[in-house]
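One structure is given here, and the rest of the page talks about it.
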Amino acid sequence: MEQEFNFNQLKKDLYGDRAYVTQKWISNYGKLSQYADYDAYISCIKEAFNVVEIVMGNTIYNFRNRIPYKERVTLGQRNGRPRYGFYYEGLEEMVDYSLASSFFGKAKILRTLRFRIPENLDEVRVLRNMTTHNTHTMVGTVADQALSYENVLRTMQILGETLYVLGLLRAEDILPEYEKMRVQPGDAVGYSGEYQVGDFIAEGGMSRVYLGMHTRLNRPVAIKELKPYTYSTEQIQNEKQFLVSIENSQIPQIFDIFNQNGTYYIVMEYIDGVGLNKYVKENEPDVDERLAIAIQVCKVLRYIHNDCNMVYSDLKPDNIMIERTGRVCLIDFGISQLEEGNVQAEAYSMFYSSPEQMSGGVIDKRSDIYSLGSLMQFLFGYNNDEGGISYLEELGDYREELQNLCEICKRVNPEERFPAVEEVEGHLRRIKDEILHQPKAKKRTIRRAILIGLFSVMTLIVAWSVTYYFVVFNNGDISTYSENAEATDEGILIRYSLVNRTSKELNAQAYIYVELNLTLPVAVEGKKNQGGEAYRVVLHGNLGRNVSSGGILRNQEAFISWDELKKLVDKEGLKLSVDQLNMGNTMVMPIGESNKNVIINYNE
């Protein structure tokens, strides 16, 4: 005959095993968080009371069935059945087992049996009642006081001490450390247990990542378990809603951020791909693909800086994922911060973090520019025998320029770095386009005949317009591009940068001219309407200082006063007043191929 299943015996066996009780206790304790709601607190406390009550009942049962009593006395009847009291050798007080029908009756019996049950256990009656009755009737001040995080935590400590006294929990597990609460495959996390933890994916210095399943949505997710003390609680709570609201195809969607198991978890869209480190090692991408990756990183960093006003703070290959579809994604926003006031990062990555970040100083977007420089060194360089970085031979004529680009990004003084990621992106897009259109059979000497103007600005004026750009006359490969331009009360101020890809240093007196094309869509005094025909006027200038081969001359300025511009216009026979010239505004226009001297488009 098959033996009948005995549930009570199973409870006695399981809850008599310290390893099982410890695991149960730690798992339940991990649900406790100061940001959880009433229902989560109730669930946590209810489970803790349940474990303690079963253990107390087992302890009483074992004593009663193993220790013979010295005397039994009748105490009357309860519910028509006789009620007895028992005296034991060495115990002064009588034991009334009928009290074991309630939680606090069990505690009283155990004290009689000389177990040192915490005296303050009786102080948690309110929470015990809330777990066994309709808690939704307790609202307002009563619920707020009873279910405060501090009160719940104190109750858990008292209950844990009770288990310790009964020999089913070690002292160090009463309030367990994070490492004992970290998740394992098969665990459920989330305030409602809605995320099922799957296989371990990767571990970094500040987090562990698991494949998971959103059980309600039935979709795969990535579950990132942050290691404690690497992120500030205030920082994560302040950023929670912001991070969840980010919408960008290159940033995995973040579904939830919650506190559990003594730390934080970030649940995000699962990216089916590999980290940049592994991708480069296994696929050995060519220079064109490496440039495309770097440009995509710039693009998403531009979104973070400009649209989100954030400092990312942790740009490195491990945080860049290449999806199987080719999408380049930026992950891990654990230490990103809004750029408001003095931002101080609380963690860093060796080699990739800026000096000010590693020293705990104030950081801004230029700290990310430094990290971008390190990332480009990873993509385009390699460690040489001298302990430095050499750049890929496949870059050809662009090796020096990429080296210079990285070095500017990584200047120790933030003021000397590129001020914005757009500037770096502009260089990369131009280089990629030039390499793509470069005739492979032709050498540099042929390309030296090309003069590249990568700066184009349009000034909108009443009834006419001014388009101007820079061209450097030199027997070499030189290009300029826009930083910004603005119309002031005194004239037009143009800020630009220049790249020298010649094989020699450019002298400070290298000849520059600024060409202005005047388009006349309507008739102007002295000129009839010629259907938008352009007229050219020229200003002269020079570099101002030497620029080495592969060098980048940054933050240059050219100024054209309205009076000077009027003189140039008058030379062309156009009778326009200064007032007519400076009425309007200035804006940077995308670079196109409409002009023969303009062959690069670095804007999307």
[Y] backbone acceptor or donor facing [X] side chain under 3.5 Å:
{"X": "Arg290", "Y": "Leu379", "answer": "yes"}
{"X": "Lys365", "Y": "His305", "answer": "yes"}
{"X": "Asn261", "Y": "Thr263", "answer": "no"}
{"X": "Gln403", "Y": "Tyr391", "answer": "no"}
{"X": "Ser27", "Y": "Gln23", "answer": "no"}
{"X": "Tyr303", "Y": "Ile251", "answer": "no"}
{"X": "Asn283", "Y": "Val280", "answer": "no"}
{"X": "Gln260", "Y": "Gly190", "answer": "yes"}
{"X": "Ser353", "Y": "Met358", "answer": "no"}
{"X": "Asp368", "Y": "Leu315", "answer": "no"}

Approximate separation, where rounding is to 0.5 Å, of [X] [atom1] and [Y] [atom2]:
{"X": "Ile322", "Y": "Cys329", "atom1": "CD1", "atom2": "SG", "result": "8.0 Å"}
{"X": "Ile223", "Y": "Met213", "atom1": "CD1", "atom2": "CE", "result": "10.0 Å"}
{"X": "Phe380", "Y": "Ile293", "atom1": "CZ", "atom2": "CD1", "result": "8.5 Å"}
{"X": "Asn277", "Y": "Glu282", "atom1": "CG", "atom2": "CD", "result": "10.5 Å"}
{"X": "Asn248", "Y": "Asp307", "atom1": "CG", "atom2": "CG", "result": "8.0 Å"}
{"X": "Leu372", "Y": "Arg417", "atom1": "CG", "atom2": "CZ", "result": "11.5 Å"}

Go through the structure and list residues passing side-chain hydrogen bond (donor to acceptor under 3.5 Å, both in side chains) with [X], not counting sequence neighbours.
{"X": "Glu203", "value": "Arg208, Lys227"}
{"X": "Tyr370", "value": "none"}
{"X": "Lys31", "value": "none"}
{"X": "Tyr279", "value": "Glu289"}

Salt bridge between [X] and [Y], side-chain N to carboxylate O under 4.0 Å?
{"X": "Glu407", "Y": "Arg411", "value": "no"}
{"X": "Glu269", "Y": "Lys224", "value": "no"}
{"X": "Glu393", "Y": "Arg399", "value": "yes"}
{"X": "Arg302", "Y": "Glu425", "value": "yes"}

Quick one: does Asp318's side chain get under 4.5 Å of Ile331's, heavy atoms only?
no
Check whether any side-chain heavy atom of Val287 lies under 4.5 Å from a side-chain heavy atom of Ile435, and answer yes or no.
yes
Report the C-alpha distance between Glu401 and Ile431 in whole Å, list the side-chain angles of each, state the deciding distance to 0.1 Å, and finish with yes or no for side-chain contact (heavy atoms from CB on, under 4.5 Å).
CA-CA 9 Å; Glu401 185 176 341; Ile431 291 170; 3.4 Å; yes
In a table with atom names and distances, give each donor-acceptor pair under 3.5 Å that connects a side chain of residues 194-201 to protein atoms at least two apart or in another chain.
{"unit_1": "Glu194", "atom_1": "OE1", "unit_2": "Ser192", "atom_2": "N", "d": "3.0"}
{"unit_1": "Tyr195", "atom_1": "OH", "unit_2": "Asp256", "atom_2": "OD2", "d": "3.3"}
{"unit_1": "Gln196", "atom_1": "NE2", "unit_2": "Gly186", "atom_2": "O", "d": "2.7"}

Atom NZ of Lys278 with >12 non-hydrogen neighbours under 6.0 angstrom
no
Surrounding CD of Glu247 (heavy atoms of other residues, nucleotides or ligands, distance under 6.0 Å), is the total greater than 12?
no
Can Val297 and Val421 be said to form a side-chain contact (heavy atoms from CB on, under 4.5 Å), step by step?
CA-CA 10 Å; Val297 171; Val421 70; over 6 Å; no
Taken in chain and number order and not counting sequence neighbours, the residues that satisfy ring-ring contact (aromatic ring centres under 6.0 Å, His included) with Phe378 are none
Assess the residue pair Asn383 and Ile389 against the criterion (side-chain contact (heavy atoms from CB on, under 4.5 Å)); give the C-alpha distance rounded to whole Å, side-chain angles, the decisive distance to 0.1 Å, and a yes or no.
CA-CA 5 Å; Asn383 295 326; Ile389 294 177; 4.1 Å; yes
Any luck finding a side-chain donor-acceptor pair between Lys410 and Ser374 under 3.5 Å?
yes
Between Arg430 and His427, is any side-chain donor less than 3.5 angstrom from a side-chain acceptor?
yes
